Asker: 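Following this message is one structure expressed as structure tokens.
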Amino acid sequence: MLIAVVGKSNTGKTTFFSAATLVDAEISNRIFTTIEPNRGVSYVRVDCVCKKLGVACNAKNSKCVNNVRFIPIKMIDIAGLVPGAHEGKGLGNQFLSNIMEADALIHVVDISGATDSDGNPVEPGSFDPINDIKFLPEEINYWILGILKKNWEHICNHIKATKEKLDDAIYKQLSGLKIDPEDIKEAIKKTGFSAIADDEKMLEFIDVLLKKSKPIVIAANKIDLKASEKNIKKITEQGFDVTPCCAEAELTLRKAEQKGLIKYSPGGTRFETISDDMDDKQKQALEFLRSKIINKYGSTGVQKIINKTVFDVLDYIAVYPVTNINRLTDKMGNVLPDVYLIPKDTNLKNFAGIIHSDMKEKFIGGLKKEGDKAIKIGAEYKLQNNDIVEILKKK
Ligand SMILES: Nc1nc2c(ncn2[C@@H]2O[C@H](COP(=O)(O)OP(=O)(O)OP(=O)(O)O)[C@@H](O)[C@H]2O)c(=O)[nH]1
Ligand SMILES: [Mg+2]
């Protein structure tokens with residue numbers, strides 16, 4: 001699972017990324033600070049099943065802190081895009097491949113309108129962030145159009161000569177962009193796309209394809225600045241789904257937690273000051289975050305956006321495999337050691353393959369924890385969120 005943090009320059013992408021991963025990366029109030037992508041590990045946050053079961057777990061592939069499980073996902077922060085990037089404006093389109101590696105995109109928008117269309121700082125409220133929300137998917141669509149149109153005539157001739165299917169030919173042309181062939185088929189069907197399509201039809205096809213293949217979650221960042229609240233209201237009324245956030249606040253809280261100044265669980269709804277080793281300015285900054293962000297919005301929004309991307313938009317679920325269903329342990333006796341993020345509706349046999357190819361080859365069935373019992377489940381059983389399962393295999 002890889003999530004890309006994307007958007008116009010200077011909107012707070014690297015701040016969001018650093019808050020989510022605690023990777024140190026350069027943040028500054030000027031355009032094109034990030035050039036080479038930053039990569040790191042972030043986490044989705046879920047209530048661990050250990051709580052309901054009343055057991056203490058020994059998390060191995062994830063972390064469990066006070067019954068909250070943090071499950072790792074990969075995150076990439078890329079250079080800023082500006083309108084016209086597909087024509088080489090700004091830093092151009094060399095980052096398309098970074099974006100296309102990802103399963104989903106978090107689009108960081110400066111919702112306060114304090115950055116103009118090129119990313120230069122302006123007075124909050126003086127730029128309409130709706131422009132940013134609209135430009136990004138358009139830019140990506142135009143990029144893909146450029147790729148698709150390269151050799152298009154050659155592709156069409158090849159299809160005619162060899163009777164190769166259109167979806168297979170497109171799949172080849174878009175290879176390396178991590179697009180599911182099924183999504184291509186579906187988008188062709190939905191849009192009536194064909195080899196004789198004009199640019200407009202191609203763009204319609206690309207739009208449908210990318211909405212499925214690279215879904216975008218909008219992070220309405222910089223909610224601490226004036227004009228944000230008004231803009232969120234206006235944009236929501238126009239039918240856009242945006243999630244408010246303050247990346248800077250999350251970064252401040254996580255760093256203060258690391259330094260032992262506060263008690264804070266990433267993505268939490270509260271924090272507690274535990275050290276007096278702060279000057280008045282720091283104290284005031286924390287109190288500002290408490291009253292203007294946490295108490296007002298419920299959290300900084302960063303974790304909420306990551307969880308929303310994985311669970312609501314990509315539709316993943318969390319499943320706990322064990323090797324002894326009665327004890328809930330692995331071979332070493334670790335309780336609930338692992339949790340996997342998998343697409344909803346994955347069946348048990350395919351899940352076995354995700355854990356290890358050998359598991360799938362030798363698969364004979366499975367057991368699932370249900371109340372105090374372990375019930376039998378078969379290859380076709382569709383896994384549910386928070387399932388705890390033991391996979392049975394031939395020796
Ligand atoms: N007020 C406020 N400022 C923020 C917030 N998040 C980031 N910033 C500021 O916005 C500026 C740009 O932040 P970056 O994280 O470097 O932005 P970026 O999108 O990565 O920029 P590029 O790498 O140039 O594309 C910095 O001055 C940050 O401190 C926020 O939540 N609130
Ligand atoms: Mg950056």
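Order of listing sets the numbers, starting from 1, for every ligand and every atom in it. Counting begins at 1 with the first residue of the sequence. These figures come from a predicted structure and were not determined experimentally.
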Asker: Which ligand 1 atoms, with their elements, are less than 4.0 angstrom from a heavy-atom of S9?
Answerer: 22 (P), 24 (O), 25 (O)

Asker: Of I388, T329, V389, V335, which meets side chain to side chain contact (heavy atoms under 4.5 Å, CB included) against V322?
Answerer: I388

Asker: Salt-bridged, K292 to D224, with N to O below 4.0 Å?
Answerer: no

Asker: Less than 4.0 angstrom from a charged side-chain N to a carboxylate O is my criterion; do D207 and K211 meet it?
Answerer: yes

Asker: Does ligand 1 have a heavy atom under 4.0 Å from the side chain of S28, from its backbone, from both, or from neither?
Answerer: backbone

Asker: What residue and atom, counting heavy atoms only, is the protein's closest point to atom 17 (O) of ligand 1, and at what distance?
Answerer: G12 N, 3.1 Å

Asker: At less than 2.8 Å, how many protein N/O/S atoms surround the Mg ion (ligand 2)? Leave waters out.
Answerer: 2

Asker: Got more than 12 heavy atoms from elsewhere within 6.0 Å of OH, Y142?
Answerer: no

Asker: Just distances here: any N/O of E26 and N/O of ligand 1 closer than 3.5 Å?
Answerer: no

Asker: Atoms of ligand 1 less than 4.0 Å from T14 heavy atoms?
Answerer: 15 (O), 18 (P), 20 (O)

Asker: Just distances here: any N/O of C245 and N/O of ligand 1 closer than 3.5 Å?
Answerer: no

Asker: Where is the nearest protein heavy atom to atom 29 (O) of ligand 1: which residue, which atom, and how far?
Answerer: E248 OE2, 2.7 Å

Asker: Do K63 and Y43 form a cation-pi contact, if we require the NZ or CZ to be under 6.0 Å from the six-membered ring centre and within 45 degrees of the ring's axis?
Answerer: yes

Asker: Which residue and atom name correspond to the protein heavy atom nearest atom 7 (C) of ligand 1, and how close is it?
Answerer: T15 OG1, 3.2 Å

Asker: Considering only heavy atoms, does L225 approach ligand 1 within less than 4.0 Å through its side chain, its backbone, both, or neither?
Answerer: side chain

Asker: Answer yes or no for K8 and F127: cation-pi contact, defined as NZ/CZ to six-membered ring centre under 6.0 Å and angle to ring axis within 45°.
Answerer: yes

Asker: Between K60 and D330, is there a side-chain N and carboxylate O pair less than 4.0 Å apart?
Answerer: no

Asker: Just one of K362, H356, K360 clears the side-chain hydrogen bond (donor to acceptor under 3.5 Å, both in side chains) bar with D358, so which one?
Answerer: K362

Asker: Would you mind checking if E287 and R290 are paired as a salt bridge, meaning a charged N to carboxylate O distance below 4.0 Å?
Answerer: yes

Asker: Under 4.0 Å from a heavy atom of C246: which atoms of ligand 1 are those, numbered in the order shown and with their elements?
Answerer: 31 (O)

Asker: May I ask you to identify the nearest protein heavy atom to atom 12 (C) of ligand 1, giving residue, atom name and distance to one decimal place in Å?
Answerer: N10 OD1, 2.9 Å

Asker: Do the rings of F193 and F205 sit parallel, tilted or perpendicular, given the 30° and 60° boundaries?
Answerer: parallel

Asker: I need the atoms of ligand 1 closer than 4.0 Å to a non-hydrogen atom of K13, numbered in the order shown.
Answerer: 15 (O), 17 (O), 18 (P), 19 (O), 20 (O), 21 (O), 22 (P), 25 (O)

Asker: Taking all heavy atoms of A79 and all of T34, pick out the closest pair and write down the distance.
Answerer: CB-O, 3.3 Å

Asker: What about A249: any of its N or O atoms under 3.5 Å from an N or O on ligand 1?
Answerer: no

Asker: Regarding K226 and E123, does a basic nitrogen lie under 4.0 Å from an acidic carboxylate oxygen?
Answerer: yes

Asker: Give me the nearest non-hydrogen protein atom to atom 27 (O) of ligand 1 as residue plus atom name, then the distance to 0.1 Å.
Answerer: N29 CB, 3.4 Å

Asker: How close does the nearest protein non-hydrogen atom get to atom 10 (O) of ligand 1, and which residue and atom is it?
Answerer: K222 NZ, 3.1 Å

Asker: Would you give the length of the straight line joining atom OG1 of T191 to atom CG of L209, rounded to the nearest 0.5 angstrom?
Answerer: 9.0 Å

Asker: With heavy-atom distances below 4.0 Å as the criterion, list the atoms of ligand 1 near G80.
Answerer: 25 (O)

Asker: Counting from 1, what ligand 1 atoms have a heavy atom of I31 closer than 4.0 Å?
Answerer: 24 (O)

Asker: Calculate, to the nearest 0.5 Å, the distance between atoms CD1 and CG belonging to I377 and L348 respectively.
Answerer: 4.5 Å

Asker: Which ligand 1 atoms does R30 reach within 4.0 Å, using its non-hydrogen atoms?
Answerer: 24 (O)

Asker: Salt bridge check, D180 against K212: does any charged N sit closer than 4.0 Å to a carboxylate O?
Answerer: no

Asker: Report, in ascending order of atom number, the atoms of ligand 1 lying under 4.0 Å from any heavy atom of F32.
Answerer: 24 (O)

Asker: Using a strict threshold of under 4.0 Å (side-chain N to carboxylate O), is an ion pair present between K234 and E237?
Answerer: no

Asker: Using heavy-atom distances, let me know which of I293, L251, N221, D224 sits nearest atom 2 (C) of ligand 1.
Answerer: D224

